[in-house]
J.: 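Please see the structure below; I have some questions.
On a predicted model such as this, the values are computed, not experimentally measured, just so you know.
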Amino acid sequence: MPSMGERIHRIRLHIGWSAEECAYRATIEANTHIAPSTWMDWERCSNEQAASNGLVVHLDAICRLFAVDKEWLIAGSIGEPNMHDSRILAFPP
């Protein structure tokens, strides 16, 4: 089963945002600075590393950013989120 990091990576790729775009949007959503390198560390982390590298602290902001259920992001235990959800702001072409 994919880790939390893998799940946010897959969502980011599906939406088509860069790590820089996600870090910028997460910075606004979480009201704290999140560097693109931090975002990439989150995408590469295991569930065990998520607590120590700050991913868990920012789960609410990430869930709002991607309009996904927090339980799915944590455990992947419920169905895949709707990737065509209108709540996700598309990056202009």
J.: Measuring only between side-chain heavy atoms, which start at C-beta, is R10 closer than 4.5 Å to P2?
T.: yes
J.: Do L59 and I74 come within less than 4.5 Å of each other through their side chains, counting heavy atoms only?
T.: yes
J.: Taking ring pair (Phe, Tyr, Trp, His ring centres under 6.0 Å) as the definition, give me every residue that meets it alongside H58, ordered by chain and number, with sequence neighbours left out.
T.: W42
J.: Excluding sequence neighbours, so at least two apart, what forms side-chain contact (heavy atoms from CB on, under 4.5 Å) with A51?
T.: V56
J.: Can you tell me how far CD1 of I8 sits from CZ of F66, rounded to the nearest 0.5 angstrom?
T.: 6.5 Å
J.: Any pair with a residue in residues 41-55 that passes salt bridge (charged side-chain N to carboxylate O under 4.0 Å, His left out), sequence neighbours left out, goes on the list, sorted by first then second residue, please.
T.: R12-E43
J.: Do Y24 and P36 come within less than 4.5 Å of each other through their side chains, counting heavy atoms only?
T.: no
J.: How would you list all residue pairs meeting salt bridge (charged side-chain N to carboxylate O under 4.0 Å, His left out) that involve residues 26-35, not counting sequence neighbours?
T.: E29-R64
J.: Who pairs with A26 by side-chain contact (heavy atoms from CB on, under 4.5 Å), at least two apart in sequence or on another chain?
T.: I34, W39, L65
J.: Tell me the closest heavy-atom pair linking A50 and M4, and the distance in Å.
T.: CB-CE, 3.5 Å
J.: Has N53 got a side-chain atom pairing as donor or acceptor with C45's backbone, closer than 3.5 angstrom?
T.: no
J.: Tell me if a side-chain donor or acceptor on E21 pairs with a main-chain N or O of S18 at a distance below 3.5 Å.
T.: no
J.: In chain order, what residues pass the side-chain contact (heavy atoms from CB on, under 4.5 Å) check against C63, with sequence neighbours excluded?
T.: V68, K70, L73
J.: A side-chain contact here means heavy atoms from C-beta on lying under 4.5 Å apart; do E6 and S3 qualify?
T.: yes
